[in-house]
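So that the names make sense, note that chain A is the first sequence line, chain B the second, and so on, each numbered from 1.
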Protein chains: 2
Amino acid sequence: MRVTREQAEKNRERIVATAARLFRDKGFDGIGVDAIMKKAGLTHGGFYGHFASKDALAAEAMTRAIEDSLRWQDGLADIDELVSRYLSAQHCADRANGCAVAALGGEAVRQRPALRSALTDGVRAQIDRIADLLKDGTSKARHRRAMATYAGMVGALTLARAVDDPDLAQEILAAAREAFGDHVATSHRASSRR
Amino acid sequence: MRVTREQAEKNRERIVATAARLFRDKGFDGIGVDAIMKKAGLTHGGFYGHFASKDALAAEAMTRAIEDSLRWQDGLADIDELVSRYLSAQHCADRANGCAVAALGGEAVRQRPALRSALTDGVRAQIDRIADLLKDGTSKARHRRAMATYAGMVGALTLARAVDDPDLAQEILAAAREAFGDHVATSHRASSRR
DNA sequence: TGTACATCAGTGAACGCGCGTTCACTGATGTAC
DNA sequence: TGTACATCAGTGAACGCGCGTTCACTGATGTAC
């Protein structure tokens, strides 16, 4: 049954937002069009009125997921707080609403160019944001440290989620929080001056 | 046609070894039983004479992949060399023969317990190995630094592979090599003494 | 050592299910007068 | 503003392909005598 244009647009939005969460939670191959549409409160048949293919939705969903993962950091002015939140038990447990790069980075290599491009934009944006929070050094040096810090964050989250022992997971998160918090960002600077 | 028991055992081995490489290259959902058997020089029908299911093979292949990814480090006595090799352009390009944790860590959450358990063993072994290469500090402190270093390595490799810009990928690898090489392992120690 | 039979590793056709995609249809919305 | 018709968002059945799994069969290996 037909629906207002406004409502149709809202539906489309909801599909993208739902997919952005479900893909992060279950992976691109782990969730189907049918399940996404059902979760969005629609039936699968209408899908192709909104998107050319599942891949096309995946690319849009990745863009959305990247936006989501950056948004929670808005207003954070402290690298230590950023790192603590990123490496929190909460973020570790909540794949669906967490960092898209950590959740989908490993699968992205095999996805469409548009999707990889969206992810790359997200990586760049995240590196810039971390670099902005590092106070000392040239822009170039801060970006270098930001890349290493971001790598540490993504890796620690990936490891903590992959491992089947909750204690080990917590140890990894704690070790990374200590290593990549601001006091070490400082020591990185010191070492790169050597 | 029947084959020597010895040959059958070799075939089984080859299936596991092939799968260990193909899964790392294409992901668990990205490669089928048919393709694995073909690559191993057999036909798919014989598969279930060797394994109970694709999942069962995946668990064995993960164990094998973990062993592979640890073996190339044998004889390395220098943390800097370990980090350099792990974060080399070569390792970045060669998913199939590289670190199983970086290649499959993101998908492991959704796999069988046996597979996750194999991966967890691998993570522990890798952390121990890095800790052994760090010369100063208590065992506990070295393990803490090893976890952060390993996280940085896995994250940097994941990011470099995920991104669609080769220049950015190289920058990330270079930044991580600088940050997680031994001179910074030293500065980590310094900072944890603060 | 040689022979006869049982075993069983590997083959390839076939099955069945899941999932991406298509399509005829419905009925509410949008529009022309 | 009201009426008549065209449009089209969403529905649900159906299609077709890929893939994990099964199975009857083959013929070489393994074994009993």
**Student:** Measure CD/A:E9 against C1'/D:dC8 and give the value in whole Å, please.
**Tutor:** 15 Å
**Student:** Is there a donor-acceptor pair closer than 3.5 Å between any side-chain N or O of A:R64 and the backbone N or O of A:V16?
**Tutor:** no
**Student:** Expressed as a whole number of angstroms, how long is the span from A:M37:CE to D:dA9:P?
**Tutor:** 12 Å
**Student:** Between the protein and nucleotides 20-22 of chain D, which nitrogen or oxygen pairs come in under 3.5 angstrom?
**Tutor:**
residue : atom : partner : partner atom : Å
D:dG20  : OP1  : B:K54   : NZ           : 2.7
D:dG20  : OP2  : B:V33   : N            : 2.9
D:dT21  : OP2  : B:Y48   : OH           : 2.5
D:dT21  : OP2  : B:K54   : N            : 3.0
D:dT21  : O5'  : B:Y48   : OH           : 3.0

**Student:** May I have all residue pairs that pass ring-ring contact (aromatic ring centres under 6.0 Å, His included) and include part of residues 59-89 of chain B, sequence neighbours excluded?
**Tutor:** B:Y86-B:H91
**Student:** Rounded to the nearest 0.5 Å, how far does CD of B:E171 lie from CD1 of A:I127?
**Tutor:** 8.0 Å
**Student:** Using the side-chain hydrogen bond (donor to acceptor under 3.5 Å, both in side chains) rule, pick out the option among B:T138, B:D128, B:D132 that qualifies with B:H143.
**Tutor:** B:D128
**Student:** As a quick check of understanding, evaluate side-chain contact (heavy atoms from CB on, under 4.5 Å) for B:M62 and B:F23, giving each step before the final call.
**Tutor:** CA-CA 8 Å; B:M62 177 55 101; B:F23 282 139; over 6 Å; no
**Student:** Kindly compute the distance separating CD1 (B:I15) from CE (B:M37), expressed to the nearest 0.5 Å.
**Tutor:** 4.0 Å
**Student:** List, one per line, each side-chain donor-acceptor pair under 3.5 Å for residues 96-121 of chain A, sequence neighbours excluded.
**Tutor:**
residue : atom : partner : partner atom : Å
A:N97   : ND2  : A:D94   : OD1          : 3.3
A:N97   : ND2  : A:D94   : OD2          : 3.2
A:E107  : OE1  : A:F28   : N            : 3.2
A:E107  : OE2  : B:R110  : NH2          : 2.8
A:R110  : NE   : B:K26   : O            : 3.0
A:R110  : NH2  : B:E107  : OE2          : 2.8
A:R116  : NE   : B:A162  : O            : 3.1
A:R116  : NH2  : B:R161  : O            : 3.0
A:R116  : NH2  : B:V163  : O            : 2.9
A:T120  : OG1  : A:R116  : O            : 2.8
A:T120  : OG1  : B:D164  : N            : 2.9
A:T120  : OG1  : B:D164  : OD1          : 3.0

**Student:** Could you list the protein-to-nucleotides 26-30 of chain C atom pairs, N/O on both sides, closer than 3.5 Å?
**Tutor:**
residue : atom : partner : partner atom : Å
C:dG27  : N2   : A:R2    : N            : 3.3
C:dT29  : O2   : A:R2    : NH1          : 2.4
C:dG30  : OP1  : A:R5    : N            : 3.3

**Student:** Separation of A:K38 atom NZ from C:dC19 atom P, in whole Å?
**Tutor:** 10 Å
**Student:** Compare the minimum distances between each of C:dT11, C:dG10, D:dG10 and the side chain of B:T43, then state the nucleotide with the smallest one.
**Tutor:** C:dT11
**Student:** Show me the donor-acceptor pairs, under 3.5 Å and distance only, between side chains in residues 38-45 of chain B and residues at least two apart or in other chains.
**Tutor:**
none

**Student:** Answer yes if the side chains of A:H50 and A:N11 hold a donor-acceptor pair under 3.5 Å, and no otherwise.
**Tutor:** no
**Student:** With rounding to the nearest 0.5 Å, note down the distance linking CD in B:Q90 to CZ in B:R85.
**Tutor:** 9.0 Å
**Student:** Note down the inter-axis angle between the two ends of the helix from C:dG2-D:dC33 to C:dC33-D:dG2, five pairs each, to the nearest 10°.
**Tutor:** 20°
